[in-house]
Structure formats: structure tokens, C-alpha cells
2 protein chains.
Amino acid sequence: MSKCEQCIIREFSSLKSLSKEELLSISGCKTSKFIKKGETIFEEGDTLNGVYCVKDGICKLSKLSANGKDQIVKLVVKGDLLGQRSLISDEAVNLSAVALNNMEVCFIPKAEIFGNLKNNSDFSMDMLKQMAHDLKESDNVVVNMAQKSVKQRLAEALIYIHNSFGLNNQGFLNVVLSREDYASVVGTATESAIRVLSQFKKENLISTSGKQIKIEDLEGLKRVE
Amino acid sequence: MSKCEQCIIREFSSLKSLSKEELLSISGCKTSKFIKKGETIFEEGDTLNGVYCVKDGICKLSKLSANGKDQIVKLVVKGDLLGQRSLISDEAVNLSAVALNNMEVCFIPKAEIFGNLKNNSDFSMDMLKQMAHDLKESDNVVVNMAQKSVKQRLAEALIYIHNSFGLNNQGFLNVVLSREDYASVVGTATESAIRVLSQFKKENLISTSGKQIKIEDLEGLKRVE
DNA sequence: ACTAAAACATGACAAATATCATATCAAAAT
DNA sequence: ATTTTGATATGATATTTGTCATGTTTTAGT
């Protein structure tokens, strides 16, 4: 758990193009930080002097809208970096990051990132690719938000979570969100999210056990209109 | 108009970090291409083997949603590049680009871009910064789409166009969009966009002359709820 | 200038979604 | 174990937005 070069995360993350020597030089990475469920890693407007690499756990990236409601923009998992966008733009962070379960992250100082961006073109390229991928995703979300119904968006959110984060040993979705969080992913009122989930239950598309959700009919969910 | 090194656009674009020699090597850039209003530069799903640098004119980047409606994701102007995201991700283009007025663009082949990404870290950094900026914008649009009313979104679209693209000599917005395009920016039905614009007119927030729109009360538009 | 086509406009109504109220349930605290 | 709090659930209703119909105006083509 101690050295970056040994970290299993390395091969999945944008850091994969860093050499052993480069990783060793990332001194701040030697110690990982544990973050409890519900804790805030950083908040909209904060200034970061480095990025976080997620070793374990899941967090949400969200933004507070003028109407006082939070909008979840992205879910971040093992292997992802947090705060790169802000670091590269050299501006305050645009989104808040809050842990959805217990997390382990390690901090990589700004200077290390910029040094590698300057000297390792493979690393720059990986960063660019990651950013390009995020941009495509974000554009697609814009289209979905603008053009699809709440029901469709919620169905797609469930499918997305199913495909990206998998299931636990009992077949429930690995990512457990409150109804309020689902509303905040989909961009609707909490009551609406609850109603739609109830409807999905009635139609046997999903089943629930407390906060846990199991997808019973993936194909059915895909057909939701 | 012929050589990249002389092009005024150069200093505004992501290409500003390329040296004179690097620009000279961009052979394909020697000839610029003229695109008429309404013409398509590329379509969703196309494979690009280079990027376009916009020398003049404005175009829309849009995506077709499953419901058959187009969603405009971004407006692109002088100095911007088109197709970088797709090129970097090495995948088909995610958005269609259609000229909103007569345009002049020049084409830069893929190999040139990648060569420079590999060898010129300032260029890579500029690309990264541009992408980071686009990502922030896109995330913000997601939040607006999800949390704001059609009226608010349309008011903000007008303000955005006012601030980003300016006015012509008679004080009308420089970018002229059809009502359908406004609907497509805001993510609503054409009739709804028309209705809201009519309402803005009645409230003396804007005035119109044919397709042209003049903002009469910018502060009032900002206060729209 | 005339015609056809497209864009704009508006009413009437339907559907989707938000809001408010209230009830139930589950988790946490004492 | 009991209380308290927060999350989930659902009904009733208001508001927003979409759809369809239809008329008018503008634009483009001959």
C-alpha cells in the first residue's frame, strides 16, 4: 500500500505512462488518505494544489445550482483522478467531491503533475485522452438531459451504474445511492425520482431491499420511454 | 490568407504555441476551404483525419437524440478548432458541425497534430487547457439543463450569445439563429422557444426584426425566473 | 411580381413534472 | 426499548412543457 510503483491502481489510471522513477519521485503519494462515507474531499470554489488518485471507494462530483439543488455530474471510482481539470485550467475547482462510501485516495502534488506533463509526452497524451473521454461523456449527458424524460434518464442511470460499477454478491447494484442522490443524478425532484423507482418496481424492472436496488429486467429498462 | 504563419487566427487558437517552422510544415493548411451557410462540415459518426481551424464564420455542434431532435451542444467561432476531441480519442466524431453562416476553415492533418503533441509540450498543454475549459463549460451546461426552466435557459442563451459573439452595427446579436435552433440550444420544443421569445418581447426584454434579436434589457434577462 | 415553401406565431389541449401535504418506515440516538 | 430524526412513499394539486391544429408572415425560387 505504500509505494506508487506497487499500487495496483497504477495500471488503470492516467498515471500508467509514468515510469518507475517518475512514480518514485511522487513523494506525496507515499501516504494514502482515508475518507469516510459522506465526507467532502473538496468543495466548489476550493483551490487545489494537486490531484487525488482514487485507490478505493466511490465519490460523487456535484455542483450546486442557483435554485439550491445539487446536480451530480459524475461518479468517480477506483483508478480515476480527481481535480485534474481544475489543476490544468489553473482555476478554482468547479465541482464538489463527496465520498459515497469509505474511500482511500492518495494525493499527488501539482508540481509532480506539471513536471510530468512537460517531460513525458505519453503522460500528456493519456491526460488528454482522459479529458477527451470525459468531454464526450459530458456532451452526451447534456443531450440526454435536454431531450429525454425523467423516466428514461433514471432508467439509463440505473443501467449506467449497473454496467460501470457492477453488482455485489447478492446481485444488488454496487453503488448505493439515496433517492435524493438519484434525483440529483437525473436532475429531477426527489419525489419524482421516488415515484419513477416505485413504478419500475411495479413493472418488475427492478426490485429493492432498503436502499439497495437490483435490476431484474435490464432489457426492459432499456426499452423505457 | 495563404500561409499559416501569417494567419491572424493563429494567435487566438490552440495553435499559438506552434513555432514558425512547425506551422510551415502543416502543408494541408495552405489552402483554406469555404463553407456555405447551412452546409455540413462533418457529421456524427464520420471519421476525421485531421482538425479544422475556423478562420471565419460560426458553426453549431449538435447531436441527434433518440427522439429525432437535434441538440446543439456548442457554438464555434473564429480561432476555435473542430474535431480535436475525436482525433485525440481516436474515434468517430460525436457531434455534427453545420455552418450557421458562410465560413472559412483550414484543414490540419492528423499527423501534424500528433507530431506536435509528441514534440511540443507547450502545444500539448494548450490543447489540454482548451479541453479542460470545454469540459467545465459542458459540465455547467449539464447543471443548467437539469435544474433550470426553459425560460431561464433561453434567457441565458441570449446573454451568452450577446457576451460571446457581440452585436452588429445596429445593435442586433451577431449570431442569428432560427427559432428551431434556439429550441435546439435550450433543449425544448420549437413552439415553446417561440412562445418564450414572444413573452420576452412583451416584457420588453428583447426586440426583434425578422430573425434578428436585440437585447433591450440585459439586467432584466438576468433576473428571469 | 408571383407562387411555393419554409419559418414564425398562437390557441387549445394533453402530458410530464414540481410542489405541498401527510403518512409510513428505517436508522440512529438517548 | 423508546424516542427522534431522516428517508421513503404516495395522494392531491399546480405549473411547466409538449403536441397538434391552424393561420400568418417571411423567404426563396421561378
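Because only heavy atoms are used, hydrogens play no part in the values below, and waters and symmetry mates are left out as well, while side chains stay in. Numbers restart at 1 for each chain; the letters A, B, ... are given by sequence-line order, proteins then strands. Just so it is clear, the model here is predicted, and its values are computed rather than measured.
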* To do: Without swapping roles, check the side chain of B:Asn101 against the backbone of B:Ile58 for a donor-acceptor pair under 3.5 Å.
  => yes
* Hey, is the main chain of B:Val186 close enough, under 3.5 Å, to the side chain of B:Arg153 for a donor-acceptor pair? -> yes
* Protein-nucleotide distance (A:Lys148, atom NZ; D:dG18, atom C1'), rounded to Å -> 18 Å
Which pairs of donor and acceptor atoms, one on a side chain in residues 204-213 of chain A, lie under 3.5 Å apart (sequence neighbours left out)?
{"unit_1": "A:Ser207", "atom_1": "OG", "unit_2": "A:Glu216", "atom_2": "OE2", "d": "2.6"}
{"unit_1": "A:Thr208", "atom_1": "OG1", "unit_2": "A:Lys201", "atom_2": "NZ", "d": "3.3"}

* Spell out, as yes or no, whether a donor-acceptor pair under 3.5 Å connects the side chain of A:Asp56 to the backbone of A:Met103. => no
* To do: Could you tell me the separation between the CD atom of B:Gln212 and the P atom of C:dC8, rounded to a whole number of Å?
  => 12 Å
* Per-nucleotide protein contact string for nucleotides 2-7 of chain D, where B marks a base within reach and S marks sugar-phosphate only (heavy atoms under 4.0 Å, - for neither) -> -----S
Are there any protein N/O atoms within less than 3.5 Å of an N/O atom in nucleotides 10-16 of chain D, and if so, which ones and at what distance?
{"unit_1": "D:dT10", "atom_1": "OP2", "unit_2": "A:Ser198", "atom_2": "OG", "d": "2.9"}
{"unit_1": "D:dG11", "atom_1": "N7", "unit_2": "A:Arg195", "atom_2": "NH1", "d": "3.0"}
{"unit_1": "D:dG11", "atom_1": "O6", "unit_2": "A:Arg195", "atom_2": "NH2", "d": "2.9"}
{"unit_1": "D:dA12", "atom_1": "N6", "unit_2": "A:Arg195", "atom_2": "NH2", "d": "3.4"}

* **Exam field: side chain A:Ser184 to backbone A:Asp70, donor-acceptor pair closer than 3.5 Å** => yes
* Sequence neighbours left out, what passes ring pair (Phe, Tyr, Trp, His ring centres under 6.0 Å) with A:Phe165? Give chain and number order. => A:Tyr160
* A:Lys63 versus A:Asn94, side-chain donor and acceptor atoms under 3.5 Å -> yes
* Taking NZ, NE, NH1 and NH2 as the nitrogens, is one of them in B:Glu137 or B:Lys74 under 4.0 Å from a carboxylate oxygen of the other? -> no
* Does the side chain of B:Ser65 pick up a donor-acceptor pair with the side chain of B:Gln71 at under 3.5 Å? -> no
* Distance, rounded to the nearest Å, where B:Phe200 contributes CZ and C:dC8 contributes P -> 17 Å
* To do: Compare side-chain N and O positions of B:Thr188 against OP1 and OP2 of D:dG18 and report whether any pair is under 4.0 Å apart.
  => yes
* Quick one: pull up CD1 in A:Ile88 and CE in B:Met127 and give me the separation to the nearest 0.5 Å. => 13.0 Å
* Nucleotide C:dA9, atom C1' - distance to CD1 of B:Ile213 in whole Å -> 14 Å
* Taking atom types as modelled, find out whether B:Gln130 and B:Asp134 have a side-chain donor-acceptor pair closer than 3.5 angstrom. => yes
* **d(CD, B:Gln147; P, D:dT17) in whole Å** => 13 Å
* At how many degrees, to 10°, do the end axes of the helix from C:dA1-D:dT30 to C:dT30-D:dA1 meet when each uses five pairs? -> 50°
* **Residues B:Glu156 and B:Gln152: side-chain donor-acceptor under 3.5 angstrom** => no
* **Spacing between A:Tyr182 atom OH and D:dA9 atom C1', to the nearest angstrom** => 17 Å
* Structure fact -> From the list B:Leu61, B:Leu95, B:Leu100, side-chain contact (heavy atoms from CB on, under 4.5 Å) partner of B:Val76 resolves to B:Leu61
* Asked: Where along residues 66-74 of chain B does a heavy atom fall under 4.0 Å from DNA chain D?
  -> B:Lys69
